[in-house]
Protein chains: 2
Amino acid sequence: MTNGKKRILAVDDEEDILEILAFNLTGEGYEVDTCISAEEALRKNLSGYDLFLLDVMMGPISGFRLAEKIRKELALTTPVIFLTARDSENDRITGFNLGADDYLAKPFSIRELSARVKAILRRSSPEQVTIETVAGDFTVDTADKLIFSEGKPIELTRKEYEILALFICNAGKIFSRNDILSKVWGDEVIVTDRTVDVTIARIRKKMGEKGNMIKNKSGYGYYFGD
Amino acid sequence: MTNGKKRILAVDDEEDILEILAFNLTGEGYEVDTCISAEEALRKNLSGYDLFLLDVMMGPISGFRLAEKIRKELALTTPVIFLTARDSENDRITGFNLGADDYLAKPFSIRELSARVKAILRRSSPEQVTIETVAGDFTVDTADKLIFSEGKPIELTRKEYEILALFICNAGKIFSRNDILSKVWGDEVIVTDRTVDVTIARIRKKMGEKGNMIKNKSGYGYYFGD
DNA sequence: TTGGTTTGTAACATATTTGTAACAATTTTG
DNA sequence: CAAAATTGTTACAAATATGTTACAAACCAA
């Protein structure tokens with residue numbers, strides 16, 4: 001997990017379905033890989049995923065058998081959602097015995113898909129309430145997205161908060177503009193690297209006197225601290 | 001407007017049983033929801049119920065395990081009655097450790113059922129009159145599902161009540177639209193996240209001058225208080 | 001059923017945040 | 001010490017996010 005995004009592997013023998021899944025879930029902020037068969041999936045490193053979406057009916061190895069292999073041979077507890085047109089009692093029972101966390105009957109609506117995915121992922125990773133404190137009387141509250149200076153919150157927008165939190169939690173470490181761009185903006189978004197400068201100027205202003213805690217090392221980047 | 005009816009959630013993998021439960025308890029003046037599996041129940045917002053009726057033997061997640069999740073993961077103290085054909089000493093112990101408030105062995109008579117339910121709800125009611133008070137003269141009465149501002153009740157619908165109660169009981173904590181959706185609507189309901197905005201607008205309006213106690217932090221979500 | 005209430009959606013109006021470009025100030029380098 | 005490169009600052013434009021309204025759909029009690 002490079003950027004905090006949840007990784008999903010979708011396995012289905014229909015190219016169309018894979019495209020729909022990938023397109024929509026990527027849009028929801030997930031990182032989506034796809035496989036056209038169970039065999040292809042088994043050649044991958046499956047331990048890096050947070051969720052599997054498996055078609056039940058495909059090729060020689062069904063979604064059920066793939067799930068079984070994942071659970072038993074690879075000993076993974078990663079949640080699984082089965083995609084299926086079938087809805088008989090028999091199928092459900094087979095699926096649940098294999099530890100299916102949910103079912104999605106085709107055809108499914110995009111909303112239903114993303115709701116189920118969201119629900120499963122949330123359940124498997126409870127929210128964390130971290131409170132980190134750093135020198136210079138700065139406190140970062142990652143739950144409420146607040147940064148305090150001497151006990152008083154600084155009014156920051158989202159990007160501003162993300163940058164300052166990054167700095168404070170890594171005080172002293174120098175971040176190049178590209179580091180900041182990829183960590184705060186993500187890798188898909190393309191903005192001028194001067195945007196970073198402007199955003200930092202805005203943070204400094206909101207920090208008042210303490211604004212000079214954000215330093216610049218010419219030619220390298222920005223960092224926080226003395 | 002929220003009515004004062006007690007809400008019961010019945011979970012059993014037999015459709016027939018669910019119908020019997022729903023029909024009879026509704027007739028007794030309760031509001032009854034049903035789920036055909038523990039998985040389905042877990043996708044709901046479970047904090048809004050006053051009693052759970054759980055079948056012990058079902059699917060991959062038994063009633064015992066469901067109760068465990070309710071107690072531990074969701075941190076709810078809502079009373080639980082187990083429905084079971086089994087009656088061994090072993091089962092009883094497991095159930096009571098999980099905080100079972102009663103047992104009902106299948107087949108059970110309707111009279112027995114409603115007597116047990118009434119007894120449990122009466123017993124748990126007094127303690128359920130949780131009254132939490134927060135700054136700004138707001139009081140939440142979780143038993144009657146009422147919220148008072150300066151002693152006077154605000155006329156809220158169910159969703160409105162749930163959101164405002166969530167906010168007041170967690171004053172200062174920021175909730176994203178997704179947080180609110182999954183806590184108030186549950187994970188099985190699929191609605192646009194803008195629905196949250198509209199509902200909050202409605203709450204604010206009903207709160208009158210105090211409406212601005214519900215704040216928004218752009219890009220993050222809503223919270224109550226300063 | 002019926003009519004009233006609640007809830008969900010879409011469309012539009014505002015407000016806030018973010019991105020860019022231009023230019024000023026500073027630092028680095030030869 | 002200049003010239004070049006880098007960084008700081010400002011004002012404005014574009015993109016996002018939120019507030020609000022009206023109406024449709026779902027729900028519920030009689």
Side-chain angles (χ1 to χ4, degrees), chain A residues 27 29 109-112 115 145 154-164 174-181 183-186 188-208 211-223, chain B residues 1-5 7 22-23 26-33 45 48 145 154-164 174-181 184-186 188-208 211-223:
Chain A
S109 77
I110 297 308
R111 284 194 175 170
E112 195 176 6
K145 317 292 181 188
I154 309 171
E155 289 289 324
L156 297 170
T157 67
R158 233 187 342 171
K159 293 273 189 285
E160 291 165 4
Y161 164 82
E162 302 245 347
I163 292 180
L164 187 52
I174 294 188
F175 293 92
S176 72
R177 280 168 244 279
N178 279 338
D179 291 340
I180 297 169
L181 281 178
K183 298 217 183 218
V184 173
W185 272 261
E188 298 109 62
V189 186
I190 294 156
V191 292
T192 315
D193 60 358
R194 296 307 313 279
T195 299
V196 173
D197 301 47
V198 176
T199 309
I200 285 181
R202 286 173 180 144
I203 299 171
R204 282 175 169 155
K205 189 181 241 176
K206 291 186 178 180
M207 290 169 76
N212 57 10
M213 295 285 291
I214 298 179
K215 316 267 205 243
N216 172 272
K217 181 161 182 176
S218 190
Y220 292 99
Y222 296 93
Y223 65 99
Chain B
M1 179 53 203
T2 318
N3 54 28
K5 284 189 184 178
R7 299 185 67 211
F23 178 78
T26 304
E28 299 273 336
Y30 303 108
E31 199 179 315
V32 183
D33 284 353
N45 166 28
K145 319 280 187 195
I154 308 172
E155 290 286 323
L156 297 169
T157 66
R158 178 179 294 288
K159 293 273 188 287
E160 291 166 2
Y161 164 81
E162 298 254 355
I163 291 180
L164 187 52
I174 291 194
F175 294 92
S176 72
R177 278 164 245 274
N178 279 340
D179 291 341
I180 297 169
L181 281 178
V184 173
W185 272 260
E188 105 269 29
V189 184
I190 296 154
V191 293
T192 313
D193 58 359
R194 295 307 311 278
T195 299
V196 172
D197 301 48
V198 177
T199 309
I200 284 181
R202 288 174 179 144
I203 300 172
R204 281 177 170 154
K205 191 179 242 178
K206 292 187 179 180
M207 289 170 76
N212 58 10
M213 295 285 291
I214 298 180
K215 315 264 206 250
N216 171 271
K217 182 160 181 175
S218 188
Y220 289 108
Y222 296 94
Y223 65 100

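Residue numbers start from 1 in every chain, and the chains themselves are labelled A, B, ... in the order their sequence lines are given, proteins ahead of strands.
- Proximity of B:T195 to the phosphate of C:dT9: a side-chain N or O atom is located under 4.0 Å from OP1 or OP2.
- The structure places CH2 of A:W185 at 4.0 Å from OG1 of A:T199, a figure rounded to the nearest 0.5 Å.
- B:I163 pairs in a side chain to side chain contact (heavy atoms under 4.5 Å, CB included) with only one of the listed residues (B:I214, B:I203, B:L156), which is B:I203.
- Distance, B:K215 NZ to D:dG19 P: 12 Å, rounded to whole Å.
- Across B:Y222 and B:N216, no two heavy atoms sit closer than the pair CE2-ND2, 3.6 Å.
- Each of A:D193 and B:T199 was matched to the nucleotide of DNA chain C holding its nearest heavy atom; the match closer to the 5' end belongs to B:T199.
- Summary of the strand contacts: A:L156 and A:V191 both lie near DNA chain C, and taking for each the nucleotide with the nearest heavy atom, the more 5' one is attributed to A:L156.
- In this structure, B:K217 reaches the sugar-phosphate backbone alone: every heavy-atom distance under 4.0 Å involves primed, P, OP1 or OP2 atoms, never a base.
- When atom types are taken as modelled, the side chain of A:K145 and the backbone of B:G219 share no donor-acceptor pair closer than 3.5 angstrom.
- Of the listed nucleotides (D:dT9, C:dT7, C:dT20), C:dT7 has the atom at the smallest distance from the side chain of B:R158.
- Here C:dT7 presents its P atom at 16 Å from NZ of B:K205, a figure rounded to the nearest Å.
- Atom C1' of nucleotide C:dT9 and atom CD1 of B:I190 are separated by 15 Å, given to the nearest angstrom.
- Rounded to whole Å, atom P of D:dC27 lies 10 Å from atom NZ of B:K159.
- The phosphate of C:dT27 has neither OP1 nor OP2 within less than 4.0 Å of any side-chain N or O from A:Y220.
- A donor-acceptor pair is defined here as one N or O able to donate and one able to accept, closer than 3.5 Å; such a pair exists between the side chain of A:S176 and the backbone of A:D179.
- Set against D:dT9, C:dT17, C:dG8, the side chain of A:T157 has C:dT17 as its closest nucleotide.
- When the P atom of D:dT20 is taken as reference, atom CG of B:N212 falls 11 Å away, rounded to whole Å.
- Side chain of B:Y222, nearest nucleotide from C:dG19, D:dG19, C:dA10: D:dG19.
- For the OP1/OP2 pair of C:dT7 and a distance below 4.0 Å, the side-chain nitrogens and oxygens of B:W185 include no atom meeting the criterion.
- Here the nucleotide nearest the side chain of B:V198, chosen from C:dA10, D:dT9, C:dG19, is C:dA10.
- Nucleotide C:dT14 holds its P atom 17 Å from the CG atom of B:D197, rounded to whole Å.
- Within the nucleic acid shown, B:R194 comes within 4.0 Å of at least one base atom, counting heavy atoms only.
- The CG-C1' distance, from B:D33 to D:dC28, rounds to 14 Å in whole Å.
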### Task
Using the side-chain contact (heavy atoms from CB on, under 4.5 Å) rule, take B:T157 and B:R202 through it: C-alpha gap first, then chi angles, then the decisive distance, then the call.
CA-CA 10 Å; B:T157 66; B:R202 288 174 179 144; over 6 Å; no

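- Nearest nucleotide to the B:R202 side chain, out of D:dT21, C:dA21, C:dG8: C:dG8.
- The side chain of B:T192 contributes no N or O atom lying less than 4.0 Å from OP1 or OP2 of C:dG8.
- Listed pair B:S218 / D:dA17 fails the phosphate criterion, with no side-chain N or O lying under 4.0 Å from OP1 or OP2.
- Atom OH in B:Y161 sits roughly 22 Å away from atom P in C:dT5 (whole-Å rounding).
- Proximity of B:R204 to the phosphate of D:dG19: a side-chain N or O atom is located under 4.0 Å from OP1 or OP2.
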